[in-house]
Structures are given as structure tokens and as C-alpha cells.
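Beneath this line is the structure, given in C-alpha cells, with notes to follow.
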Amino acid sequence: MAQKSRGFPEIVELNVGGQVYVTRLQTLTAVPNSLLWARFSHSSPEQLPKDSKGRFFFDRDGFLFRYILDYLRDSELFLPECFKERRRLQREADFFQLPELSGRLAAPSKDGSDSGEPEEAEPPSQVSSGSDGTARPAGADSGYITVGYRGSYTMGRDMQADVKFRRVARITVCSKISLAKEVFGETLNESRDPDRPPDKYTSRYYLKYNFLEQAFDRLAQAGFRMVACSSTGTCSYGGSDSGEDKLWTSYTEYVFSR
């Protein structure tokens with residue numbers, strides 16, 4: 001076994017769905033007959049796909065891989081409270097050929113603490129109206145969500161916007177964590193502020209897509225409505241000649257309430 005793994009370094013860098021992990025080779029091969037055990041025990045480094053920086057690449061959910069790695073380290077399953085992606089994590093466990101972990105995720109949680117709450121089919125939600133007349137799911141928490149984005153567009157000499165109009169770099173989400181997860185679910189990137197309690201607030205989440213309308217649709221479906229917005233912008237010339245195209249950059253925030 002050691003001879004078959006000799007080509008790999010003791011410290012291994014992985015790129016899983018865009019998330020970078022650094023771990024020991026011993027950790028990756030901790031569970032016999034798993035996919036990682038097979039890849040890093042019976043293959044050579046040259047046979048595995050790599051990213052542009054030479055890290056071993058797996059096209060899987062980079063956020064959920066942290067729990068796979070924790071399980072390989074300790075053979076235990078510890079999930080945060082109000083964990084909403086239990087079934088998705090079970091799918092990742094199946095892919096990495098970890099049947100014991102998959103079985104734990106499939107079994108109902110006894111106390112809802114270490115192994116997380118199982119996802120169950122919810123009955124059709126009833127809709128109620130808030131004090132402002134906005135429809136929202138019965139029992140849903142009220143609160144505010146601020147969606148912000150930085151964008152840019154170029155204004156030509158004839159005041160005609162070109163194809164780069166409203167190029168959105170990233171859509172950020174600021175709110176109570178439980179509200180953000182309820183509305184945006186799996187489309188919310190939590191990598192910059194992970195494992196925080198649901199009753200806390202964050203301004204570091206962002207969305208995995210760049211379409212404002214997609215974010216607005218989700219907010220509307222969850223019973224939110226826009227209550228305020230603001231925008232600031234700056235202008236610079238594309239060149240030294242005053243007749244050159246003007247490049248506008250802006251930052252805009254939309255405040256939604258339920």
C-alpha cells in the first residue's frame with residue numbers, strides 16, 4: 001500500500017468545486033475501498049485531473065466537502081444546527097463511496113445536535129398576510145434582507161451604452177443568517193462566513209449567480225417586498241481623449257422586508 005502511494009506528497013492540496021483544501025495523504029486514504037482511497041492508493045499523480053495550479057481537482061460541491069473531510073479525519077459526523085443540506089451531503093457521501101457516512105445521514109437524528117436534523121417533506125405551506133398586506137408563508141420570520149451589487153457599463157461618445165451594460169461582478173447578501181438560508185438555499189455561498197448560528201447576522205454571504213432578477217424572484221416567492229434602494233456611481237474616461245468612451249462603475253443596494 002505504501003508503495004502504491006509513494007508518488008503522492010504527504011501533504012495534499014485539493015480543489016473541490018473551486019474550494020481549496022489542504023490535508024494529509026493519510027486522511028484521504030483513511031477509509032478503505034472509498035473513492036479517495038482508491039484514487040490516492042492505486043493511481044499515480046499523473047493520472048488524476050489537476051487545476052491550473054497543480055492541485056488535484058474534483059468537480060463536486062466544495063462547500064459540503066468539508067464534512068466529508070471531517071469524517072475522514074475522525075470517523076464522526078458533526079453538523080451545525082439547522083443544517084438544511086442533509087440529503088445533498090448524503091449524495092456526496094455516495095459519490096465518495098462512504099457507505100457508513102451515507103447510512104448515518106439517511107437515519108433520523110435522535111437529538112438533532114451532532115448529526116443534524118433530517119430533511120422531511122413539508123406539507124403544503126399556508127399563506128398569511130403581514131401587517132403591510134404582503135403575503136408570506138405561515139410561521140415565517142419577519143425581517144430585512146439587503147441585496148447589493150457592483151456593476152459597470154460603458155457609455156459611448158453618442159451616449160449609447162454598449163454590450164457591457166450592467167455587468168454585475170457579484171451579488172452580496174446582508175441579513176439574519178436564518179433568513180438568508182431560507183430564501184436563497186443552495187444558491188447561497190457561505191464560504192466566507194461558515195458555520196455561524198442562524199440567529200446571528202452576516203454581511204459576507206454572496207450568491208452563486210449574477211442575475212439580479214433571479215434573486216428578486218426568490219425574495220418575492222418568500223414573501224419579501226422591496227422597501228428601499230440606493231446607488232452611487234463614479235465615472236472615468238476610457239482614454240486621455242475627452243471623446244473616448246466613459247466607464248461608469250456603481251454600487252447599488254436593495255432593501256427587502258417581510
* Measure across Arg218 and Gly185 and return the closest heavy-atom pair with its distance rounded to 0.1 Å. => NH1-N, 4.4 Å
* With distance as the sole test, does Lys181 use its side chain to make a donor-acceptor pair with the main-chain N or O of Leu188 at under 3.5 Å? -> no
* Asked: Does Lys200 reach the main-chain N or O of Ser178 with its side chain, forming a donor-acceptor pair under 3.5 Å?
  -> no
* If only atom types and distance count, is the side chain of Arg258 paired as donor or acceptor with the main-chain N or O of Ala222 below 3.5 Å? -> yes
* Asked: Backbone N or O of Val16 within a donor-acceptor pair of the Arg60 side chain at under 3.5 Å?
  -> no
* **Shared hydrophobic cluster, Leu179 / Tyr201 (ILVMFWY, side-chain heavy atoms < 4.5 Å)** => no
* Considering residues at least two apart in sequence or located in another chain, which fulfil the ring pair (Phe, Tyr, Trp, His ring centres under 6.0 Å) criterion with Phe65? -> Tyr21, Phe96
* **Check: Leu14 and Leu28 side chains under 4.5 Å, non-hydrogen atoms** => yes
* Asked: Between Leu36 and Thr29, which heavy-atom pair has the shortest distance, and what is it?
  -> O-CG2, 4.4 Å
* **Smallest separation among heavy atoms of Arg66 and Pro194, with atom names** => NH1-CB, 3.0 Å
* **Within 6.0 Å of OH in Tyr144, more than 12 heavy atoms from elsewhere** => no
* Asked: For the side chain of Ser41 and the backbone of Trp37, is there at least one donor-acceptor N/O pair under 3.5 Å apart?
  -> yes
* To do: Treating Ile, Leu, Val, Met, Phe, Trp and Tyr as nodes and any side-chain heavy-atom pair under 4.5 angstrom as an edge, say whether Met226 and Tyr251 lie in one connected cluster.
  => no
* Could you go step by step and tell me if Arg225 and Ser257 meet the side-chain contact (heavy atoms from CB on, under 4.5 Å) rule? -> CA-CA 6 Å; Arg225 69 184 184 93; Ser257 174; 5.5 Å; no
* Check whether any side-chain heavy atom of Glu92 lies under 4.5 Å from a side-chain heavy atom of Asp61, and answer yes or no. => yes
* Asked: Does Arg24 reach the side chain of Val12, with side-chain heavy atoms less than 4.5 Å apart?
  -> no
* **Tyr149 and Leu212: CA distance, side-chain angles, deciding distance, side-chain contact (heavy atoms from CB on, under 4.5 Å) verdict** => CA-CA 9 Å; Tyr149 80 93; Leu212 282 170; 3.3 Å; yes
* Asked: Hey, any chance Leu72 and Phe63 share a hydrophobic cluster, counting ILVMFWY side chains that come within less than 4.5 Å of each other, even indirectly?
  -> yes
* To do: For Asp74 and Glu76, indicate whether the former's side chain and the latter's backbone hold a donor-acceptor pair under 3.5 Å.
  => no
* Asked: Do the charged groups of Arg88 and Glu186 touch, with an N to O distance under 4.0 Å?
  -> no
* Tell me, do Ile145 and Leu219 make a side-chain contact under 4.5 Å, heavy atoms counted? -> yes
* Asked: Does a donor on one side chain and an acceptor on the other come within less than 3.5 Å for Ser231 and Ser250?
  -> no
* To do: Give the minimum heavy-atom separation between Thr202 and Arg204, together with the two atoms involved.
  => OG1-N, 3.2 Å
* To do: Kindly work out whether a path of hydrophobic side-chain contacts (I/L/V/M/F/W/Y, heavy atoms less than 4.5 Å apart) joins Tyr206 to Phe211.
  => no
* **Closest non-hydrogen atom pair between Pro45 and Gly7, with its separation** => CG-O, 3.1 Å
* To do: Would you confirm whether the ring centroid of Phe56 sits within less than 6.0 angstrom of the ring centroid of Phe8?
  => yes
* Taking every non-hydrogen atom, the tightest pair across Ile177 and Pro197 -> CD1-O, 3.5 Å
* Close side-chain approach of Leu64 and Glu85, heavy atoms under 4.5 Å -> yes
* To do: Take Leu207 and Val173, measure what side-chain contact (heavy atoms from CB on, under 4.5 Å) needs, and give me the verdict at the end.
  => CA-CA 7 Å; Leu207 301 181; Val173 175; 3.7 Å; yes
* **Rounded distance [0.5 Å steps], OG in Ser34 versus CD in Glu100** => 12.0 Å
* To do: Would you check if Phe58 and Asn15 make a side-chain contact, meaning some heavy-atom pair closer than 4.5 Å?
  => no
* Salt bridge between Asp70 and Arg73, side-chain N to carboxylate O under 4.0 Å? -> yes
* Is the CZ atom of Phe95 crowded by more than 12 outside heavy atoms at less than 6.0 Å? -> yes
* Asked: Would you say the side chain of Arg170 lies within less than 4.5 Å of the side chain of Arg150, judging by non-hydrogen atoms?
  -> no
* Structure fact -> Taken to the nearest 0.5 Å, the spacing of Leu101 CG from Gln90 CD works out to 8.5 Å
* To do: Please answer whether the main-chain N or O of Leu105 pairs with a side-chain N or O of Arg86 as donor and acceptor at a distance below 3.5 Å.
  => yes
* Do NZ/NE/NH1/NH2 and the carboxylate oxygens of Lys176 and Asp199 come within less than 4.0 Å? -> no
* Stepwise, does the side-chain contact (heavy atoms from CB on, under 4.5 Å) test hold for Tyr71 with Leu98? -> CA-CA 10 Å; Tyr71 174 78; Leu98 298 168; 4.2 Å; yes
* Asked: Would a line drawn from the ring center of Phe216 to the ring center of Tyr254 be shorter than 6.0 Å?
  -> yes
* For Thr187 and Phe184, indicate whether the former's side chain and the latter's backbone hold a donor-acceptor pair under 3.5 Å. => yes
* **Gap separating the CG atom of Leu89 from the CD1 atom of Ile68, nearest 0.5 angstrom** => 5.0 Å
* Does Tyr205 reach the side chain of Glu190, with side-chain heavy atoms less than 4.5 Å apart? -> yes
* Are Phe40 and Leu69 in one and the same hydrophobic cluster, where Ile, Leu, Val, Met, Phe, Trp and Tyr link if side-chain heavy atoms are under 4.5 Å apart? -> yes
* To do: Report, as yes or no, whether the 6.0 Å neighbourhood of atom CD on Gln26 holds more than 12 heavy atoms from other residues, nucleotides or ligands.
  => no
